[in-house]
Amino acid sequence: DTEVTQTPKHLVMGMTNKKSLKCEQHMGHRAMYWYKQKAKKPPELMFVYSYEKLSINESVPSRFSPECPNSSLLNLHLHALQPEDSALYLCASSQDSSYNSPLHFGNGTRLTVT
Amino acid sequence: RKEVEQDPGPFNVPEGATVAFNCTYSNSASQSFFWYRQDCRKEPKLLMSVYSSGNEDGRFTAQLNRASQYISLLIRDSKLSDSATYLCVVKGDSWGKLQFGAGTQVVVTP
């Protein structure tokens, strides 16, 4: 069982919808991440939060808006998405963002944009 | 040139056999290295960190060759449950940023 919990597991949304993905961890990790993964490709980094502050935004379109309400929670707000945004969205956490902290992934939200 | 490269496979391995594959990285300043496994339509799961002196976890052995800039993973006595995609992950000089290889697919057959 994963110690990083993501909800929902599956999401279908239209291009005009607004939805949010949620991620929670209780391992005391201080770095949290959003990744996007397309079929047969490796995960692509979207955002990194370190100590609840956004530290990396990999030039992600503004239709994706991250939020870190506290050290245990990470949200990804979605608005006006495109069909090509359909993918597996993975949340991850690590003890911190130092070199030796491996990532622990949640089981992902499979998003379909219609 | 990609920062992290892996042979995509598939490596078809009879049950009980040994399989090994490498991952090369381009940034000589890379500091940390990990192997993850990912099952179809599931999240990546940490298999093992890779240490400079090499390390072993049960049937899995990881090695780091800094001179040639590659890491390797060896699986002994392969089980059907070892069938997965193995992702090489390298953490370099960018704070918080990891580089993922595209993965090596391993298929263990009865």
Legend entry - Positive for side-chain contact (heavy atoms from CB on, under 4.5 Å) with B:Glu43, one of A:Leu88, A:Val4, A:Asn107: A:Asn107

Legend entry - Approximate separation, where rounding is to 0.5 Å, of A:Phe105 CZ and B:Tyr36 OH: 5.5 Å

Inset, instruction - Measure distances from A:Glu44 to the heavy atoms of chain B and classify the residue's part below 4.5 Å as side chain, backbone, both or neither. - result: neither

Report, as yes or no, whether the 6.0 Å neighbourhood of atom [atom1] on [X] holds more than 12 heavy atoms from other residues, nucleotides or ligands.
X       : atom1 : value
A:Lys18 : NZ    : no
A:Met27 : CE    : yes
A:Gln95 : CD    : no

Inset, instruction - Identify the two heavy atoms, one from B:Leu46 and one from A:Leu103, that lie closest to each other, and give their separation to 0.1 Å. - result: CB-O, 4.4 Å

Inset, instruction - Heavy atoms only: give me the nearest B:Phe34-A:Pro102 pair and the separation to one decimal. - result: CE2-CB, 3.6 Å

Legend entry - In one Ile/Leu/Val/Met/Phe/Trp/Tyr side-chain cluster, 4.5 Å: A:Leu74, A:Ile56: no

Inset, instruction - State plainly whether one hydrophobic cluster holds both A:Leu21 and A:Leu45, where clusters connect Ile, Leu, Val, Met, Phe, Trp and Tyr through side-chain heavy atoms under 4.5 angstrom apart. - result: no

Legend entry - Residue part contacting chain A, namely of B:Gln38, when any heavy atom lies under 4.5 Å: side chain

Inset, instruction - Find the one option among A:Pro43, A:Ala39, A:Ser94, A:Gly108 whose heavy-atom pairs under 4.5 Å with chain B are most numerous. - result: A:Pro43

Inset, instruction - Report the residues that fulfil side chain to side chain donor-acceptor pair (under 3.5 Å) with A:Ser93, sequence neighbours left out, ordered by chain and then residue number. - result: A:His29

Inset, instruction - Using a 4.5 Å cut-off on heavy atoms from C-beta on, say whether the side chain of B:Pro44 contacts that of A:Leu90. - result: yes

